Student: 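This is the structure I have questions about; it appears just below.
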Amino acid sequence: MTNEQIARQLEQIALLLQVEDANTFRIRSYERAAEAIRGLGEELSVLRHAEGGLEALPGIGEAIAQKIEELLDTGELTYLRELLAQYPEGFLELLRIPGLGPKRAALVFHELGVGTVDALEEACIREQVRELKGMGAKSEAKLLDAIAKYWQGRERALLGDMLPRAEEIVGFLRGLDAVIAADYAGSARRGRETVGDLDVLASSKDPAAVCRAFAEAGILAEVELAGDTKVSGYLPGGRQVDLRVVEPESWGAALVYFTGSQQHNIRLRERAQARGLRVNEYGVYREPAEGDEALGEPIAGETEESLYAALELAWIPPELREDRGEIAAAAAGELPELIEPADIRCDLHMHTRYTDGRASIAELAEAARARGYTHIGITDHSASLYVADGIAAADVGRQREEVDALNARFDAEGADFRVLLGHEVDILADGALDAGEETLALVDYVIGAVHQGMSADADRMTARVIGALASGHVDMFAHPTGRILLGRDAYGLHVGEVVAAAAEHDVALEINASPDRLDLSDVHARLAVERGVRLCINTDAHALGHLEFMRFGVITARRGWVPPEVVINTWPLPRLLEWLTARRSGCS
DNA sequence: GCCGTTTTCGGCCCGACTGTTTTCAGTCG
C-alpha cells in the first residue's frame, strides 16, 4: 500500500463526509491528512515504526493513524467501505463533475436515485433535475455542459507543456498599455509537476480594458465568461485559462491568493487571525472592532513581501507553498536557500547519435557552452539496451577518442570548457551492471539506471538497485523510480532504503529534468537532502532542444527544499573531478 | 478530526459568483 493509495482513500472519506453534511472541520482533517501524506518522502509503512509512530506526523492524530494502520495491515479500510456501501459504484466519480458539489450530489441521489455520471446525464436530459429544490433549467443545462466536458477528459497536463503557454499569455498581457504587472499563478507558479487549469493575473488601473483586450486577442479558442475583472475560457485543445485583473494596491495579495496552495492560504489566514488580522485577495486588514462591519484600509498587499511581512514571515518562494512546514520555517527564519537556474554549471546526462540521441558530441558541447555551462557529460546507453540502440563496447573507445580530441581543441582555443565521458549503464535484472571492467575504465563516470525488468516486486527491485549502488562502480543513479508522468507508474521501490544506500555509498541521486519524468519527485528529493544525499539535476537530453529541460529539474529541486551545494552540477569542474576520483579510489 | 507560548476543550479561512431565491444556499478556488 503506497502513500498515494492511502492518501486517496482518506480523500474519499472526506468527499463522502461532505455528502453526508458532516462537520466541516472533520472533513478538513481528512483532506489535510491526505495532503500531508502526499508530502512525505518516506513510506508510511516505514514511518509507522519510527519514534512516535504515525501520530507524530503533522495532521495525523489518533483516529486517522488507526485508519492508516488498518490499511497497512489489511489493505482495507472498514470505515470507508461502510461509507461507500450506501451508494452505487461510480458515485465518487459523480462528485468530480464541476458544478455538482456534495450538497447537490446528495440531493440528486436521495430525490432521483441518481448515483452515477450516466444517470445524472439522463436525469438532466429528461428534465428531472430542474424540478429539484434550488435547481432550475439553467443549472440543468450547465450540468449537461459540464458532463460533456468531463467525458472529453480534462486530465492534468505536464508542467513542461503548460509553462511555455502561460509565459506566452503573460507576455501578451505585459505588452498591453493598461497593464502594470502580469504573471501566472496557481499550480504552474508553484511548479507542480502537472497542471490542471492555468491561472493568470494582471494589475491595472483599468481592469475592464485589460479583460476586453484579452478576450478579443484570439488566444482563447472559446471565451466562456468575460467580465470586467475576470475572463475565463479555453485554449485550443481545451485547457482552461482564468485571467483575473486587480488594482495595483492588491497585486501582491492577489498573487498570493491565486498562487495558493489552498492549504497554504488557509494557514496564512489562521496565522492572521491569531494576530487580529484578516487576509483576503485584496490585502491584509485589521480585524474590525465589535459591531463594526467595515475592514478599513489595508495594511499590506501591494507586494507579496508586504503581505508575508505583515504576518511576521519572510517571503516564501512559490515552490514551497504546499503547507509542508514552510510557514513555520519562514517564521523561524529557517527557510532553505534554494537552488537557482543560474547555479547550474553542467549537464551530466545526455545522449548522442552513438545511441538514440539526435545530436553529436560536438553539437551538444556547443549548445551547452551557449547556455553558459563550463562542462558536460556524455552518457550513452550501455550495450544491452536494444530498444535504445545501446552502444557497443568497442564504440566507447571511439567516443573516448572523440571526446579527448574535442577537449584538446577547446584547450587550443583557450576555451574554458570540458567534455566528460560517462556511460549510462543498465542495472540488469540480476543486479549486475551491463558493462565490463574495460569499458568502465575508459569512462570518467558511470550513471546506473533501470530500463528493463521493471515489473519485479518492490523488495527485489530495491535489493537489485542497492546492490548496484554498493558495487562502487555507480556514481549516479538516474531516474530512480522510473515513473512517466501521466503515463507509467513508478516501479515498486523502497525509496527510503535506496536513499539510505545512496548516503552510505556516496552515490548521487538524479533529479531527471525531462518534463515527463521529474524523477526524483519533489518529496523524494527533500527526503534525500534530509538524509545527506548528493543530487544531480540532469536533462537526459536526446536532442539539442532538450537542454531547455533543466529549468523543470531546478523547479522540482526547489519544491524539494534543495539548496545548491548538495547538487553536484552546481560545483566547479575541479570539485566534481575530485569527488569522482575519490569515489573511484574508494576513499569516499 | 486535529491541535495548543493565550487552550487537553473550544476553537478551526475568505470572498465571489451563480441561480435560485424574496434573503440565500451551493460551489469554487
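Every value quoted in this text rests on a predicted model; they were computed, and no experiment measured them. Here is how names work: the chains are called A, B, and so on, in the same order as the sequence lines, proteins then strands, and each is numbered from 1.
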Student: Taking 4.0 angstrom as the limit, do A/Lys149 and A/Asp145 come out as a salt bridge?
Tutor: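 A salt bridge is present here (some side-chain N lies under 4.0 Å from a carboxylate O).
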
Student: Would you mind reading off the distance between A/Leu307 atom CG and B/dC14 atom P, rounded to a whole angstrom?
Tutor: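 Interatomic distance, CG of A/Leu307 to P of B/dC14: 13 Å.
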
Student: Please give, in whole Å, the distance from B/dG1 C1' to A/Gln263 CD?
Tutor: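 Roughly 14 Å, once rounded to whole Å.
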
Student: Tell me whether A/Arg156 contacts the main-chain N or O of A/Thr194 through its side chain, where contact means a donor paired with an acceptor under 3.5 Å.
Tutor: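 Checked: pair present.
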
Student: Salt bridge between A/Arg551 and A/Glu167, side-chain N to carboxylate O under 4.0 Å?
Tutor: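 Yes.
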
Student: Determine which nucleotide pairs with B/dT8, using a 3.5 Å limit on both distances of a Watson-Crick or G-U wobble pair.
Tutor: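 In the structure as shown, B/dT8 has no Watson-Crick or wobble partner.
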
Student: Can you check the distance between B/dT21 and B/dG26, where both ends of the measurement are the C1' atom (answer in whole Å)?
Tutor: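 Result for the C1' pair: 12 Å, nearest Å.
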
Student: Check step by step if side chain to side chain donor-acceptor pair (under 3.5 Å) holds for A/Ser514 and A/Asp516.
Tutor: CA-CA 6 Å; A/Ser514 178; A/Asp516 63 350; 2.9 Å; yes

Student: Quantified in whole Å, what is the P atom distance between nucleotide B/dC12 and nucleotide B/dT6?
Tutor: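 Going atom to atom, P in each nucleotide, I get 16 Å.
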
Student: Would one find more than 12 heavy atoms of other residues, nucleotides or ligands at under 6.0 Å from atom CZ of A/Arg96?
Tutor: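 No, the 6.0 Å shell around CZ holds no more than 12 heavy atoms from other groups.
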
Student: Take atom P in B/dG15 and the same atom in B/dC9, then report the distance between them in whole Å.
Tutor: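 32 Å, rounded to whole Å.
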
Student: Evaluate the criterion side chain to side chain contact (heavy atoms under 4.5 Å, CB included) for residue pair A/Glu193 and A/Leu158; output intermediate values, then yes/no.
Tutor: CA-CA 6 Å; A/Glu193 57 205 29; A/Leu158 295 177; over 6 Å; no

Student: Below 3.5 Å is the cut-off: list the nitrogen or oxygen pairs between protein and nucleotides 3-9 of chain B, distance only.
Tutor:
| unit_1 | atom_1 | unit_2 | atom_2 | d |
| --- | --- | --- | --- | --- |
| B/dC3 | OP1 | A/Gly59 | N | 2.5 |

Student: For nucleotides 20-26 of chain B, read 5' to 3', which letter fits each nucleotide if B means a protein heavy atom sits under 4.0 Å from the base, S means only the sugar-phosphate is that close, and - means neither?
Tutor: S-----S

Student: What is the distance, to the nearest angstrom, from the CD atom on A/Glu31 to the P atom on B/dC12?
Tutor: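 Taking atom P of B/dC12 as the reference, CD of A/Glu31 is at 17 Å.
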
Student: So, does A/Gln273 get its side chain near the phosphate of B/dC14, meaning an N or O under 4.0 Å from OP1 or OP2?
Tutor: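 Indeed, a polar side-chain atom of A/Gln273 lies that close.
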
Student: Between A/Arg26 and B/dC12, is there a side-chain N or O to OP1/OP2 distance below 4.0 Å?
Tutor: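 For B/dC12, OP1/OP2 do not have a side-chain N/O of A/Arg26 under 4.0 Å.
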
Student: Can you work out whether A/Tyr282 or A/Lys67 has the more 5'-proximal nearest nucleotide on DNA chain B?
Tutor: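 Per heavy-atom nearest nucleotide, the more 5' residue is A/Lys67.
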
Student: Whole angstrom is fine here: how far is it from CZ in A/Phe258 over to P in B/dC14?
Tutor: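 Answer to the nearest Å: 16 Å.
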
Student: Under a 4.0 Å heavy-atom cut-off, which of residues 69-86 of chain A touch DNA chain B?
Tutor: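 The stretch gives none, as no residue of it lies under 4.0 Å from the strand.
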
Student: Which nucleotide wins on minimum distance to the side chain of A/Phe25, given the candidates B/dG29, B/dG15, B/dC12?
Tutor: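 Within the option list, the nearest is B/dC12.
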
Student: Reckon A/Ile64 touches a base, only the sugar-phosphate, or nothing at all at heavy-atom distances under 4.0 Å?
Tutor: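 Touches sugar-phosphate only.
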
Student: Could you work out the separation of B/dT20 and B/dC14 based on their P atoms and round it to a whole Å?
Tutor: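 So the two P atoms sit 30 Å from each other.
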
Student: Using the C1' atom on both, measure B/dT23 against B/dG29 and round to a whole Å.
Tutor: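 B/dT23 and B/dG29 have their C1' atoms separated by 25 Å.
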
Student: Between A/Leu100 and A/Glu281, just flag the one whose closest nucleotide in DNA chain B comes earlier from the 5' side.
Tutor: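 Checking each residue's closest nucleotide, the 5'-ward one belongs to A/Glu281.
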
Student: Tell me the interatomic distance from A/Gln262, atom CD, to B/dA16, atom C1', rounded to whole angstroms.
Tutor: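 Rounding to the nearest Å, CD of A/Gln262 and C1' of B/dA16 are 14 Å apart.
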
Student: Whole angstrom is fine here: how far is it from CG in A/Leu255 over to P in B/dG29?
Tutor: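 Nearest whole value for this atom pair: 18 Å.
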
Student: A/Glu4 and A/Arg8: salt bridge (charged side-chain N to carboxylate O under 4.0 Å, His left out), yes or no, with the steps?
Tutor: CA-CA 6 Å; A/Glu4 178 59 30; A/Arg8 276 194 206 134; 3.1 Å; yes

Student: Please evaluate residues A/Asp73 and A/Arg48 with respect to the criterion side chain to side chain contact (heavy atoms under 4.5 Å, CB included), reporting the C-alpha separation (whole Å), side-chain torsions for both, the decisive distance (0.1 Å), and the verdict.
Tutor: CA-CA 11 Å; A/Asp73 287 336; A/Arg48 72 191 297 195; 2.9 Å; yes

Student: Taking atom P in both B/dT22 and B/dC17, what distance in whole Å separates the two?
Tutor: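 Their P atoms lie roughly 22 Å apart.
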
Student: From A/Phe172 CZ over to A/Leu243 CG, what is the distance, rounded to the nearest 0.5 angstrom?
Tutor: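 Nearest 0.5 Å value for the CZ-CG distance: 9.5 Å.
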
Student: In terms of side-chain geometry, is the basic nitrogen of A/Arg267 or A/Glu322 positioned less than 4.0 Å from the acidic oxygen of its partner?
Tutor: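 Not counted as a salt bridge, because no side-chain N and carboxylate O are separated by less than 4.0 Å.
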
Student: For B/dT8 and B/dG4, measure between their P atoms and round to the nearest Å.
Tutor: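 These two P atoms come out 13 Å apart once rounded.
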
Student: Distance check needed: B/dC2 P versus A/Glu35 CD, whole Å only.
Tutor: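 Atom-to-atom, A/Glu35 to B/dC2, this comes out as 16 Å.
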
Student: Carefully, step by step, assess A/Asp519 and A/Arg483 under the rule salt bridge (charged side-chain N to carboxylate O under 4.0 Å, His left out).
Tutor: CA-CA 7 Å; A/Asp519 178 14; A/Arg483 71 172 181 173; 5.1 Å; no

Student: Evaluate salt bridge (charged side-chain N to carboxylate O under 4.0 Å, His left out) for A/Glu140 paired with A/Arg126, printing each intermediate quantity in order.
Tutor: CA-CA 10 Å; A/Glu140 202 175 64; A/Arg126 299 172 83 170; over 6 Å; no

Student: Taking OP1 and OP2 of B/dG19, is either one under 4.0 Å from a side-chain nitrogen or oxygen of A/Lys142?
Tutor: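 Yes, because at least one side-chain N or O of A/Lys142 sits under 4.0 Å from OP1 or OP2 of B/dG19.
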
Student: Could you work out the separation of B/dT18 and B/dG11 based on their C1' atoms and round it to a whole Å?
Tutor: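 Roughly 32 Å separates the two C1' atoms.
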
Student: Tell me: CG of A/Leu225 to P of B/dG29, nearest whole Å?
Tutor: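 Nearest whole value for this atom pair: 13 Å.
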
